[in-house]
Amino acid sequence: MTTSTAEETATGRTEVADLAARTRAFVRDEVLPIEDRHDGDVTEAGGDVLRRQLQARARTLGILAPHGPVEYGGQGLSMTERARVFEEAGYALFGAMAINAAAPDEGNMHLLDHVATSEQKARFLGPLVRGEARSAFAMTEPAPGAGSDPAALQTSATRVAGGWRIDGHKLFITGADGADFFIIMARTSGEPGERGGGTMFLAPAETAGLRIGRHVPTIDRSMVGGHCEVFFDGLELPDDAVLGEVDEGFRYVQVRLGPARMTHVMRWLGAAVRAHETALDYVTSRRVFGQSLGDQGIAQHLIAENEIDLAATRALLDVACAALDSGSPAAQETSIAKTFGAEAIGRIVDRAAQLCGGMGVSADLPIARIAREVRPFRIYDGPSEVHRFAIAKRAVKAARQRMEG
């Protein structure tokens with residue numbers, strides 16, 4: 001490494017550390033009080049109105065969209081660089097939303113930046129990065145449609161004069177209510193169960209034939225726009241609505257999913273840190289059997305296990321992010337980090353609740369609502385069981401290649 005390169009690297013690290021520190025201050029001083037007043041329920045706290053207010057403040061502070069392309073107003077951080085910034089944002093359940101780094105918009109920005117045409121970027125990516133619009137990614141369908149097995153995709157896109165007609169039924173589409181546009185996965189060739197034949201389409205929310213159905217009731221409450229049913233009934237889109245190439249949608253899904261899984265880990269890791277810190281404060285001040293709870297051996301065991309899970313999650317996350325930054329698909333690394341992280345975060349929050357006793361499951365502390373929000377992460381972006389299946393398949397395949405080579 002040359003001297004100039006070393007200096008540039010050091011400067012870059014300093015700038016990222018400063019961004020993380022400013023994000024930390026904003027989230028803890030301005031976002032947390034709002035979350036605490038409303039028990040982490042974003043609808044009760046103001047929904048999209050709140051989002052716009054917080055993002056306007058983040059823009060003023062120069063911390064909006066740390067991952068977004070610089071040319072559209074973002075900070076342009078790499079996966080590795082954004083890890084600690086997103087963790088600081090995730091300390092509050094509304095924190096990622098406040099800096100415009102929440103799902104699904106954050107993942108959709110990454111996808112559009114890598115796949116969209118210049119015209120599509122100007123129309124959809126720019127407003128998304130600047131916080132002027134929200135988006136949704138319409139992939140999951142009711143059984144027997146696409147879910148953990150994307151190849152089961154049933155929503156169809158058929159050729160019509162000047163474009164495409166889309167028909168289908170999506171389920172559990174995060175952020176759908178109030179989204180300004182949708183990225184839709186539809187089948188343009190092949191049959192459900194076949195690996196190829198998917199295509200992505202960009203559809204403004206007001207397009208005729210696109211209808212938002214009910215909100216699916218879930219235990220988590222921090223996502224603006226909920227998790228909704230979405231119906232496509234004769235939705236007609238022009239040829240320039242195709243995102244990427246026809247029949248290549250499943251390939252583009254992988255462009256989005258690996259990084260999006262890691263940014264989920266970053267955000268929920270921040271929430272786990274808050275739960276752990278809350279428990280540490282509690283056991284330090286709480287006295288039982290004549291001494292501080294924090295001095296009790298069984299409490300120390302739980303604290304140590306939390307410290308280990310936090311450190312291990314960060315380490316696996318950093319390995320996966322470095323692989324992604326190198327240009328690798330990092331399928332194995334991201335599956336491992338996502339699976340371990342989702343389960344470790346759940347363990348951390350659960351131990352924190354146990355350390356705080358009855359207070360840990362009350363609304364007087366934030367731990368119960370954090371537990372409510374992080375539990376679905378073992379399902380969202382691929383259940384742990386599906387990731388384990390994929391991890392094992394890759395390991396066996398690599399072993400066979402070694403034996404045959």
Side-chain angles (χ1 to χ4, degrees), residues 20-21 23-42 44-45 83-96 219-222 264-318 337 339-379 384:
T23 300
R24 176 189 179 94
F26 170 58
V27 166
R28 298 192 183 209
D29 295 344
E30 302 186 41
V31 181
L32 272 185
I34 299 172
E35 175 193 317
D36 288 345
R37 283 198 301 272
H38 299 282
D39 193 33
D41 189 323
V42 73
E44 181 183 305
R84 300 295 90 83
V85 177
F86 277 34
E87 181 180 327
E88 292 292 356
Y91 193 84
L93 298 177
F94 298 167
I219 61 174
D220 56 322
R221 304 176 198 163
S222 65
H264 264 314
V265 175
M266 297 170 195
R267 291 183 292 255
W268 292 130
L269 184 59
V273 168
R274 187 184 187 197
H276 182 52
E277 288 184 354
T278 300
L280 285 173
D281 290 345
Y282 182 86
V283 301
T284 300
S285 60
R286 176 72 162 140
R287 292 189 65 79
V288 292
F289 305 115
Q291 66 179 146
S292 165
L293 179 56
D295 292 329
Q296 299 280 354
I298 189 63
Q300 291 178 341
H301 175 80
L302 296 176
I303 292 166
E305 290 294 290
N306 274 4
E307 291 284 339
I308 291 166
D309 271 343
L310 286 168
T313 300
R314 285 195 189 99
L316 289 171
L317 176 62
D318 289 346
T339 304
F340 183 88
E343 295 178 358
I345 287 164
R347 292 193 297 266
I348 293 163
V349 177
D350 187 73
R351 292 188 197 109
Q354 195 71 17
L355 283 164
C356 295
M359 294 294 289
V361 293
S362 76
D364 286 1
L365 295 179
I367 298 171
R369 69 169 173 266
I370 293 171
R372 175 188 80 206
E373 297 297 318
V374 303
R375 175 57 182 88
F377 186 35
R378 285 165 51 195
I379 298 171
S384 295

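Counting begins at 1 with the first residue of the sequence.
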Let me confirm one number: the CZ-CD1 distance from Arg351 to Ile367, rounded to the nearest 0.5 Å. 13.0 Å
Short question: side chain of Gln291, backbone of Gln296 - any donor-acceptor pair under 3.5 Å? no
Any Thr278 side-chain heavy atom under 4.5 Å of Pro366 side chain: yes
Enter the distance from Leu365:CG to Ile370:CD1 here, rounded to the nearest 0.5 Å. 9.5 Å
Is the closest basic N to carboxylate O distance between Asp41 and Arg372 below 4.0 Å? no
Non-hydrogen atoms of Ala20 and Glu88 that approach each other most closely: O-CG, 3.8 Å
Quick one: do Arg369 and Glu35 make a salt bridge, cutoff under 4.0 Å? yes
Take Glu44 and Arg221 through the test side-chain contact (heavy atoms from CB on, under 4.5 Å) and record every step on the way to the result. CA-CA 9 Å; Glu44 181 183 305; Arg221 304 176 198 163; over 6 Å; no
To the closest 0.5 Å, what do you measure between CG (Asp350) and CG (Leu302)? 9.5 Å
With side chains defined as the heavy atoms from C-beta onward, is the minimum distance between Leu355 and Tyr282 less than 4.5 Å? no
Could you tell me whether a side-chain N or O of Ser384 sits under 3.5 Å from a main-chain N or O of Glu343, the two making a donor and an acceptor? no
Taking atom types as modelled, is there a side-chain donor on Glu373 or Ser222 under 3.5 Å from an acceptor on the other? yes
First locate atom CG of Leu32, then atom CD of Glu30, and finally report the distance between them rounded to the nearest 0.5 Å. 11.0 Å
Relative to Phe340, does Arg347 satisfy both conditions: NZ or CZ under 6.0 angstrom from the six-membered ring centre, and within 45 degrees of the ring's axis? yes
Nearest heavy-atom pair of Ala279 and Cys356: which atoms, and what distance? CA-SG, 3.7 Å
How close do Val273 and Tyr91 get, heavy atom to heavy atom, and via which atoms? CG1-CE1, 4.0 Å
Taking Arg314 first and then Glu87, would you say they form a salt bridge - that is, a charged N and a carboxylate O separated by under 4.0 Å? yes
From Trp268 CH2 over to Ile348 CD1, what is the distance, rounded to the nearest 0.5 angstrom? 13.5 Å
Taking the basic N atoms (NZ, or NE/NH1/NH2) and the acidic carboxylate oxygens, is any pair closer than 4.0 Å for Arg84 and Asp318? yes
Residue pairs passing the salt bridge (charged side-chain N to carboxylate O under 4.0 Å, His left out) test where at least one lies in residues 277-303, sequence neighbours excluded: Arg28-Glu277
How long is the gap from CD1 on Ile345 to CG on Asp309, to the nearest 0.5 Å? 9.5 Å
For residues Val27 and Ala92, report the shortest heavy-atom separation together with the two atoms involved. CG1-CB, 3.5 Å
What are the two closest non-hydrogen atoms of Ala45 and Phe94, and how far apart are they? CB-CE1, 3.8 Å
Just so I know, are the side chains of Arg37 and Ile34 near enough to count as touching, which here means a heavy-atom distance under 4.5 Å? yes
Do Phe86 and Thr23 have side-chain heavy atoms sitting under 4.5 Å apart? no
At their closest point, which heavy atom of Val349 faces which heavy atom of Ala275, and how far apart are they? CG2-CB, 4.1 Å
